[in-house]
Amino acid sequence: MPPAVDIVAAPWNLGLRPLAPGHEPGTWRAPSALLSAGLEARLRPARVVELDRPPYAFDPQPATRIRNGVTLRAYTLRLADEVRTTLAAGRFPLVLGGDCSILLGCLLGARRDGRCGLVHLDGHSDFRHPGNHDADASLGSAAGMDLALATGRGELLLTHWPEVGRPLVADRDVVQIGDREGGEGGELPPGFRLTAGEIAHAEADDVADRVIRQLERRGLDRVWLHLDFDVLDERVLPAVDSPGSPGLDFPRLTRLVSALVGTGRIIGLDAAIYDPELDPDGTYAAPLADCLASALAPLTTVEVSP
């Protein structure tokens, strides 16, 4: 039997603002860094798909107030096709970003086969939308809007999709874990929510049990897991776009993801926002790769000698 995991590398930074004038964010380097740090060797995927790096535009694009919105739509459709191909083959897609806007392509690929819930494991709500910020004042960055866009809030360009329409996920089918900010503009994300404060000292198994009970209540047997590495405390991972505290450590994050994947309800996972440019010595690539590989180990095929 082949390994149950496909790796899809999505090396983009379209959803982030420039960290400095004229300088692109470095999250596009993350897939290569994680694969080189041993992730591919550990997971032994059935295939590794490396999507092209999309061009990053510093200036606004026509007919959108979302940074790189036109390019992001095109690449979202490409990513969705790869996710759907993996799911159709009965395998588990692990999508390596990049920034959090990759969530849209992941959900779109999953939703083409029916209802899909979302566990949004993120240190921020990512719930910025025209209802809680002035879209005319500044360009919106999709990495800070991915949950809003996924639930159908925002421009049609990134909320209305072929075969699916809108939204990609219903409000009540969302579980948000780890938000340390309390929502954008005083508005809380939809669905079931466990804040960073609530999970700061909780056992990973207890958090997983609460999430699993919610998925059971909603009757969700197909769920996508979005993992923004900034859910880790900045003391253990500062190399992200917006580090913060409180947050998880590596062992608790590994146990939490493993417990959720172990239910069989999680059909795919995307991991985002690690920026190798903020980690010039490569200190954090190996523990991140180990976290993912350990959490997904039950999905891989173990060869047994005769």
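Between Arg255 and Asp205, no side-chain nitrogen of the basic residue sits less than 4.0 Å from a carboxylate oxygen of the acidic one, so the salt-bridge criterion is not met. Contact check on Asp81 versus Arg78 returns no salt bridge, with no Lys/Arg side-chain nitrogen under 4.0 Å from an Asp/Glu carboxylate oxygen. A salt bridge links Asp171 to Arg153: at least one charged side-chain nitrogen sits closer than 4.0 Å to a carboxylate oxygen. Note on Arg65 versus Glu155: no salt bridge recorded, every NZ/NE/NH1/NH2 to OD/OE distance being 4.0 Å or above. Using a 4.0 Å cut-off between a side-chain N of Lys or Arg and a carboxylate O of Asp or Glu, Arg53 and Glu24 qualify as a salt bridge. Salt bridge annotation for Arg265-Asp221: absent, with no cationic side-chain nitrogen under 4.0 angstrom from a carboxylate oxygen. Electrostatic pairing of Arg180 and Glu198 does not count as a salt bridge here, judged by no charged N lying under 4.0 Å from a carboxylate O.
For Asp275 and Thr27, the side-chain atoms include no donor-acceptor pair closer than 3.5 Å. A side-chain N or O of His124 and one of Asp230 form a donor-acceptor pair less than 3.5 Å apart. No hydrogens or angles considered: nothing links the side chains of Gln176 and His226 as a donor-acceptor pair under 3.5 Å. Side-chain contact, Arg67 with Ser141: a donor N or O sits under 3.5 Å from an acceptor N or O. Ser294 and Arg42 share a donor-acceptor pair across their side chains, judged by distance under 3.5 Å alone. Side-chain contact check for Asp279 and Tyr274: at least one donor-acceptor pair (N or O, by modelled atom type) lies under 3.5 Å. For Asp146 and His120, the side-chain atoms include at least one donor-acceptor pair closer than 3.5 Å.
Annotation: side chain of Leu225 is not in contact with side chain of Asp270 (no heavy-atom distance under 4.5 Å). Contact annotation: the side chain of Phe229 approaches that of Leu292 to within less than 4.5 Å [non-hydrogen atoms, C-beta and beyond]. Proximity of Asp233 to Asp249: side-chain heavy atoms (C-beta onward) are nowhere separated by under 4.5 Å. Side-chain contact between Arg47 and Glu82 is present, with at least one heavy-atom pair separated by less than 4.5 Å. Under the 4.5 Å side-chain criterion, counting only non-hydrogen atoms from C-beta, Trp28 is not in contact with Asp99.
With Leu260 as the fixed residue, the side chain to side chain contact (heavy atoms under 4.5 Å, CB included) test singles out one of Leu121, Val175, Ile212: Ile212.
Residues passing the side-chain contact (heavy atoms from CB on, under 4.5 Å) test with Gln61 are Ala57, Thr64, Asn68, Val70, Thr71, sequence neighbours excluded.
By the neighbour-count criterion of 12 heavy atoms within 6.0 Å, atom CZ of Arg222 is densely surrounded, having more than that number from other residues, nucleotides or ligands.
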